[in-house]
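In what follows, a single structure is set out as structure tokens and then discussed.
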Amino acid sequence: MSFVERADAGPVRTLTLADPKRRNALSVEMRVELRDALVAAHTDDAVRVVVLTGAEGFFCAGGDISTMSDDEQLGVYRLQVIAELVEALVEGPKPVVAAVEGGAYGAGLSLVAACDHVVSASDAKFCASFGGIGLATDAGLGWTLPRRIGQGRASEMILFGEVVGAPRAAEIGLVERLAEPGGAHALAVERAELLARRSRPALAASKALFAAGHTDLRQVLTAEARAQRTLFVGPDFAEGVGAFREKRRPRFEA
């Protein structure tokens, strides 16, 4: 049984969490498969954008509580795999668009917050449910969520563990686009296709700048200058300038 299904539509690859009987809870096996699928997508030249979603109308219920234990060695392994998975989302060169139906709870919320662009059904729910079972955040949520919605709102979500509806999630910046119930994946693919037309090196450079998390202006300026020097001599910059002068849409093929 595969816990992550893969489907390609042109340059857009959809990865679907596929354990619907448990609302796509993140078992160890699913974590490993998703990590490996993300790494494969980032290294596949045919893929320009990834869409991440869940099977049968629910994104992800979080960690698989039924497999959790006080086995320290297993716990370390679970956390190592989820860390590598989130690194692939945040630091990988290709944009990842989340398509959320139903809900994203606990580590499922962590996956959403680590994506570059979030599309949600208007009736979906979000919850940092860790505290309800006596746990702190994991899967990078303590870093990704404040960057998305600000420290105060992130603290409220994490400490109180209250359920946040999709309209409110859009208001505070957790979600970028709302879709009709059942329509999140279609809209996410539509958004991904727009990204697929853009310059691959430029998108990767922008993602790297975001992932670096610089808070010092001088560091940001230095990192931007380093990226621009590389992009200036690349084929996409020449194509972009040529398209601008010729008043046409650029054709980025790098």
Side-chain angles (χ1 to χ4, degrees), residues 17 19 22-28 30-31 34-35 52-54 58-72 74-91 96-178 184 210-216:
L17 307 179
D19 192 3
R22 293 189 290 179
R23 289 195 164 185
N24 306 315
L26 286 164
S27 62
V28 173
M30 183 184 286
R31 296 172 190 222
L34 182 56
R35 177 200 62 189
L52 178 61
T53 193
F58 203 90
F59 185 78
C60 178
D64 184 359
I65 297 175
S66 68
T67 64
M68 294 181 184
S69 72
D70 59 1
D71 183 324
E72 184 176 356
L74 177 59
V76 168
Y77 179 65
R78 290 170 64 96
L79 292 171
Q80 175 188 335
V81 174
I82 198 72
E84 292 168 351
L85 191 170
V86 171
E87 286 173 349
L89 287 170
V90 174
E91 298 179 350
V96 182
V97 180
V100 182
E101 295 281 354
Y105 288 70
L109 174 63
S110 298
L111 296 184
V112 169
C115 290
D116 301 293
H117 189 68
V118 180
V119 175
S120 172
S122 59
D123 60 350
K125 309 293 185 184
F126 300 84
C127 182
S129 52
F130 302 94
I133 56 171
L135 293 176
T137 61
D138 63 16
L141 192 66
W143 186 82
T144 55
L145 193 61
R147 288 167 65 85
R148 274 193 158 271
I149 67 175
Q151 184 66 49
R153 287 168 175 162
S155 295
E156 182 178 44
M157 281 193 72
I158 291 167
L159 298 180
F160 286 87
E162 295 169 337
V163 174
V164 176
R168 175 60 177 165
E171 286 179 9
I172 64 178
L174 178 58
V175 168
E176 277 77 50
R177 290 288 189 278
L178 291 174
F210 295 148
H214 297 307
T215 56
D216 177 81

note = Exactly one candidate in Leu141, Leu145, Val163, Thr137 meets side-chain contact (heavy atoms from CB on, under 4.5 Å) with Met157; the answer is Leu145
query = Any chance CZ of Arg23 has more than 12 other-residue heavy atoms, nucleotides or ligands included, within less than 6.0 Å?
reply = no
ask   = Do the non-hydrogen side-chain atoms of Trp143 and Val86 ever get within less than 4.5 Å of each other?
value = no
request  = Heavy atoms only: give me the nearest Ser120-Ala184 pair and the separation to one decimal.
outcome  = C-CB, 4.2 Å
query = Is there a side-chain contact between Leu34 and Leu111, using heavy atoms and a 4.5 Å cut-off?
reply = yes
key: Ile149 versus Gly173, closest heavy-atom pair with distance   = CG2-C, 3.9 Å
message = If you define the side chain from C-beta out and look only at heavy atoms, does anything of Val164 sit under 4.5 Å from Leu174?
response = no
ask   = How close do Cys127 and Gly161 get, heavy atom to heavy atom, and via which atoms?
value = SG-O, 3.2 Å
query = Just wondering, do Phe210 and Asp116 contact through their side chains at under 4.5 Å, heavy atoms?
reply = no
Heavy-atom closest pair, residues Phe126 and Ala166 = CE1-CA, 4.0 Å
ask   = Backbone N or O of Val118 within a donor-acceptor pair of the Glu176 side chain at under 3.5 Å?
value = yes
message = I need the minimum non-hydrogen distance between Leu17 and Cys60, along with the two atoms involved.
response = CD1-CB, 3.9 Å
ask   = Do any N or O atoms from the side chain of Ser129 and from the backbone of Gly106 form a donor-acceptor pair under 3.5 angstrom?
value = yes
inquiry  = Donor-acceptor pair, distance only, cut-off 3.5 Å: does the side chain of Asn24 make one with the backbone of Asp19?
reply    = yes
key: Backbone of Ile82 reached by a side-chain donor or acceptor of Arg31 within 3.5 Å   = no
ask   = Once you round to the nearest 0.5 Å, how far does CD of Glu171 lie from CG of Leu178?
value = 9.5 Å
message = Give me the atom names and distance for the closest heavy-atom approach of Glu101 to Ala121.
response = OE1-CB, 3.0 Å
task = Would you mind reporting whether Val119 and His117 have side-chain heavy atoms less than 4.5 Å apart?
result = yes
message = Let me confirm one number: the CG-OG1 distance from Leu89 to Thr144, rounded to the nearest 0.5 Å.
response = 9.5 Å
query = Would Arg153 and Glu156 pass as an ion pair if we require N to O under 4.0 Å?
reply = no
message = Among Phe58, Phe59, Tyr105, exactly one meets side-chain contact (heavy atoms from CB on, under 4.5 Å) together with Lys125. Which residue is that?
response = Tyr105
